[in-house]
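Below is one structure; the comments refer to it alone.
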Amino acid sequence: MAIDTDKNSYTVIFAIVMVLVVGSILAGLAQGLKPMVKANERSEIQQNILYAMGVDANENPSDVEFVSTDIVEDEFKKFITKQYIIEGDKVTEDSEAYLLDIKKEESQAKDPNYTRKLPLFEGEKDGKPIYVIPIRGKGLWDAIWGFVAVNKDMVVQGVFFDHAGETPGLGSEIKQRYFMDDFEGEHLFNDSGAFEGITVAKGNADPKNDRKTDNAVDAIAGATITGDGVTAMIKKDLRMYVPYFKTLK
Amino acid sequence: MGLLSKKDSKLILDPLADDNPITIQVLGICSALAITAQLKPSIVMAVSVIFVLGAGNVVISLMRNIIPSKIRIIVQLVVVATLVIIVDQVLKAYAYSLSKELSVFIGLIITNCIIMGRFEAFALANGPWRSFLDGVGNALGYGVILIIVGFFRELLGSGTLLGFKVLGDSVEKTGLYAFGYENNGFMVLPPMALIVIGVIIWVQRSRNKDLIED
């Protein structure tokens with residue numbers, strides 16, 4: 001049987017059939033694997049939150065190792081005692097708060113009548129309460145996000161940053177230990193008690209990061225825009241939590 | 001090899017050495033530079049490409065008489081893209097941290113010129129079995145180089161293999177490190193991958209003078 005594969009009608013029909021076949025294969029596959037992908041994403045958020053508050057599996061000084069996926073569910077329950085959703089003045093407990101879609105909240109918050117939901121995770125470390133706050137912003141190429149753990153005076157206890165597609169070796173270094181560890185102990189308020197955030201700064205002449213109250217950490221050379229993105233997301237997102245932390249005093 | 005005729009086994013063996021896609025045809029360099037800082041992603045990438053190229057070649061070969069020649073490149077692209085998405089989804093479901101590590105490079109298998117090259121040059125003109133062998137052969141040739149580069153980069157750059165500390169502990173100064181050995185941090189950066197591939201090409205051509213172009 002000879003088919004005239006050069007005919008236009010044949011070409012069009014072939015294209016349509018191909019798209020339908022391929023589309024249904026992929027849709028079926030995506031649907032079938034969805035629960036597992038979702039579960040992986042959930043454990044990842046839990047791992048990131050725990051990492052920010054210092055619960056990790058690091059062995060070497062340069063490791064960024066999360067607690068293993070098998071135990072993360074239990075560890076998360078153990079270390080995160082309460083999860084809140086803050087809406088304006090209203091604070092509700094919600095054990096699924098960590099699954100709140102920050103990106104969606106961010107875009108909905110553009111509507112001035114919408115009160116943005118802010119998730120907050122409370123845990124305990126060395127007998128003192130510790131609060132983990134999710135943040136989200138823009139790097140050079142794509143989204144960057146992270147989790148900042150603070151104590152009740154909003155002094156940073158630990159951070160975790162991640163990115164969707166920053167330049168390898170430059171912007172992607174924000175998820176390296178040497179950068180993230182610099183934030184530990186940094187103050188978010190300035191000396192006069194106003195919210196200042198933390199600036200990822202070049203030439204702050206503090207490479208070892210000894211000054212914890214200068215509201216600045218050392219930038220990564222060659223990653224200015226990613227660094228500015230980190231500065232911006234810390235300032236913008238953590239500021240929204242200041243009213244809540246005021247009520248804790 | 002009793003299983004394969006001489007002509008068929010050539011399809012597998014040639015790309016491993018004298019017709020290697022990376023060192024002789026210099027295709028697929030981008031991913032070879034990007035993901036070889038460690039052995040594990042190199043192996044996963046090699047396996048993924050073996051799957052995509054082997055299966056893709058068979059699919060294209062089976063369809064070779066019904067593909068309209070006007071849109072054959074697009075058809076090839078759709079076949080690669082479908083297979084790559086399958087690999088990506090399966091990794092996301094069963095090896096999540098690995099899929100994060102390989103991130104965009106799994107998607108970039110689509111643009112690996114070895115794959116489209118084999119579809120166009122071989123699968124469109126040959127039967128499924130031979131196409132399968134050709135695909136697997138070329139992907140193996142690609143994978144072998146990837147694994148060699150990954151091996152040396154991880155060993156010399158981090159002092160580990162698949163995460164195991166084969167040279168001793170660099171922090172506690174055991175093993176080789178006790179004698180003052182240091183990891184070469186440059187090995188984990190992309191430029192060193194190019195140099196390692198360059199060295200492989202050099203070694204290969206100095207052993208087989210036929211490969212040297214004038």
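Every value quoted in this text rests on a predicted model; they were computed, and no experiment measured them. Residue numbers begin at 1 in each chain, while the letters A, B, ... track the order of the sequences.
Separation of atoms NZ (B/K92) and NZ (A/K34) is listed at 13.0 Å; rounding is to 0.5 Å. For the atom pair CD1 (A/I25) and CD1 (B/I85), the distance works out to 11.0 Å, reported to the nearest 0.5 Å. Taken to the nearest 0.5 Å, the CG atom of A/L26 stands 9.0 Å off from the CG atom of B/L83.
Atom CZ of B/F152 is surrounded by 12 or fewer heavy atoms from other residues, nucleotides or ligands within 6.0 Å. More than 12 non-hydrogen atoms from other residues, nucleotides or ligands lie less than 6.0 angstrom from NZ of A/K235. Within a 6.0 Å radius of CD1 in B/I195, more than 12 heavy atoms belonging to other residues, nucleotides or ligands are found. Enclosure of atom CD1 in A/I225 is not indicated, since only 12 or fewer non-hydrogen atoms of other residues, nucleotides or ligands lie within 6.0 angstrom.
Scanning all heavy atoms of the two residues, the minimum distance from A/N40 to B/A93 falls at ND2-O, 3.1 Å. When all heavy atoms are compared, the tightest approach of B/Q89 to A/L29 is CB-CD2, 3.9 Å. For the pair A/A15 and B/I71, the tightest heavy-atom approach, listed with the atom from each and the gap, is CB-CD1, 4.2 Å. Closest of all the heavy-atom pairs between A/D6 and B/S69 is OD1-OG, 3.0 Å. Across all their heavy atoms, A/N8 and B/K70 have their closest contact at OD1-NZ, 2.7 Å.
Residue contact with chain A, scored on non-hydrogen atoms closer than 4.5 Å, is absent for B/L189. Both the backbone and the side chain of B/V75 come within less than 4.5 Å of a heavy atom in chain A. With a threshold of 4.5 angstrom between heavy atoms, A/E41 approaches chain B through its backbone and through its side chain.
In terms of modelled atom types and a separation under 3.5 Å, the side chain of B/Y94 and the main chain of A/M36 share no donor-acceptor contact.
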